[in-house]
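Working notes for the structure below.
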Amino acid sequence: MSAQPIPRLTPEQYLEIERPAEFKSEYFDGRMFAMSGGTYVHARLITSFTAEIHHALRSRPCSVTSSELRVRTAAQGLHTYTDISVVCGEPLFADDQKDTLLNPVLIAGVLSKSTEAMDRGLKFREYRKIDSLREYVLVSQVAPLIEVFIRGPEGDWRLREFVGLDAVCHLTSIDCSLAVADVYRNVPLETGN
């Protein structure tokens, strides 16, 4: 008995399946991947980081979005639900459904044991294809640590780490600073790695 190859989906086929679906899935390289749920700490850090950015941007023409909005890296590329995205100015969408954002300036993710390798690897490689993206932020669940990858003028990326509760994380793309202590306030950190 031979295994039949599974046909690959086009991005259009993925969206046709995904839009009415009860549970969210991501898309990459012709395949759909079901998303798993998060932990209490993961959810708290997303909420806290989002609130701090929202507060800092409240009088500016930027908006913060949650994992309810899909982000696309390229026409045939990754379609994913980022933990947090920021768009400044007019948001651009893939189509009139306005559920797939094309122009975030900042994407942030809270790292978890099950997704860290993907967040640092494939997803970051795909995110770098977004012309508008200026910063990629990773928030640790095990320590007060925020890693910020910043796109340089030549398209290169450099890392800045903000470690400890006394640190202040500056986000260049949206010109705001967040106290690490405020992001982690009342969040019971995970133990282990």
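Numbers for residues simply follow the sequence, beginning at 1.
Distance alone, capped at 3.5 Å, places no donor-acceptor pair between the E135 side chain and the V148 backbone. Looking at Y27, its side chain does come within 3.5 Å of a backbone N or O of L9 through a donor-acceptor pair.
The heavy-atom pair separating S25 from A34 by the smallest distance is OG-CA, 3.7 Å. Shortest non-hydrogen contact noted between R151 and I130 is NH2-O, 2.8 Å. The two atoms that bring S112 and H42 nearest to each other are CB-CD2, 4.4 Å, heavy atoms only. For the residue pair R44 and P188, the shortest heavy atom distance occurs at NH1-CD, 4.3 Å. Here the closest heavy-atom approach between residue L138 and residue F149 is recorded as CD1-CE1, 3.8 Å. In this structure, I46 and T50 approach most closely via the heavy-atom pair O-OG1, 2.7 Å.
Listed by chain and number, the residues in a side-chain hydrogen bond (donor to acceptor under 3.5 Å, both in side chains) with D119 are T115 (sequence neighbours excluded). Looking at residues two or more places apart in sequence or on another chain, you find no ring pair (Phe, Tyr, Trp, His ring centres under 6.0 Å) involving F93. Residues forming a salt bridge (Lys or Arg N to Asp or Glu O under 4.0 Å) with R19 (at least two apart in sequence, or on another chain): D95, D99.
Residue L171 holds its CG atom at 7.0 Å from CZ of F162, rounded to the nearest 0.5 Å. Taking CD1 of I84 as the start and OG of S66 as the end, the distance is 9.0 Å to the nearest 0.5 Å. To the nearest 0.5 angstrom, K98 atom NZ is 10.5 Å from L92 atom CG. Rounded to the nearest 0.5 angstrom, L69 CG and L101 CG are separated by 5.0 Å. Rounding to the nearest 0.5 Å gives a distance of 13.5 Å between CZ of R58 and SG of C62. To the nearest 0.5 Å, atom CD of residue E116 and atom OG of residue S140 are 7.5 Å apart.
Under the 4.5 Å side-chain criterion, counting only non-hydrogen atoms from C-beta, S173 is not in contact with Y136. Inter-residue side-chain proximity for R120 and L111 is flagged as met; some heavy-atom pair is nearer than 4.5 Å. Contact of the P11 side chain with the R72 side chain is not registered, since no non-hydrogen atoms from C-beta on lie closer than 4.5 Å. S132 places a side-chain heavy atom less than 4.5 Å from the side chain of P104. Considering only heavy atoms from C-beta on, S63 stays 4.5 Å or farther from L57 through its side chain. By the 4.5 Å heavy-atom criterion applied to side chains, T73 and F28 are not counted as neighbours. In this structure the side chain of Q141 never reaches within 4.5 angstrom of the side chain of K113, judged on heavy atoms.
The pair E126-K129 meets the salt-bridge criterion, with a side-chain N (NZ, NE, NH1 or NH2) lying under 4.0 Å from an Asp/Glu carboxylate O.
Atom CD of Q13 is surrounded by more than 12 heavy atoms from other residues, nucleotides or ligands within 6.0 Å. Dense packing is recorded around NE2 of H170, with more than 12 heavy atoms of other residues, nucleotides or ligands lying under 6.0 Å away. No more than 12 heavy-atom neighbours from other residues, nucleotides or ligands sit within 6.0 angstrom of CG on D131. Residue-environment remark: CG (D156) exceeds the threshold of 12 foreign heavy atoms within 6.0 Å.
L145 and V183 fall into different hydrophobic clusters, where Ile, Leu, Val, Met, Phe, Trp and Tyr side chains are chained together by heavy-atom contacts under 4.5 Å. Both V180 and V137 belong to a single network of hydrophobic side chains, linked directly or stepwise wherever heavy atoms of I, L, V, M, F, W or Y lie under 4.5 Å apart. In the hydrophobic clustering of ILVMFWY residues, with side-chain heavy atoms under 4.5 Å counting as a link, Y14 and M118 come out apart. Cluster membership for L15 and I17, using ILVMFWY side-chain heavy atoms within less than 4.5 angstrom, is shared. If you chain together hydrophobic residues whose side chains sit under 4.5 Å apart, V105 and L133 never meet in one group.
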Going through the distances and angles, do K123 and E26 end up as a side-chain contact (heavy atoms from CB on, under 4.5 Å)?
CA-CA 11 Å; K123 283 190 175 180; E26 297 178 310; 2.9 Å; yes
Run the numbers on D83 and V139 for side-chain contact (heavy atoms from CB on, under 4.5 Å), then give the verdict.
CA-CA 10 Å; D83 288 337; V139 180; over 6 Å; no
I146 and Y184: CA distance, side-chain angles, deciding distance, side-chain contact (heavy atoms from CB on, under 4.5 Å) verdict:
CA-CA 10 Å; I146 299 173; Y184 284 88; 4.2 Å; yes
Do E18 and R70 pass the side-chain contact (heavy atoms from CB on, under 4.5 Å) test, and can you show the C-alpha distance, the side-chain angles, and the key distance before you say yes or no?
CA-CA 11 Å; E18 178 66 8; R70 189 173 30 256; 3.5 Å; yes
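The six-membered or imidazole ring of W157 lies near that of F124, with a centre-to-centre distance under 6.0 Å.
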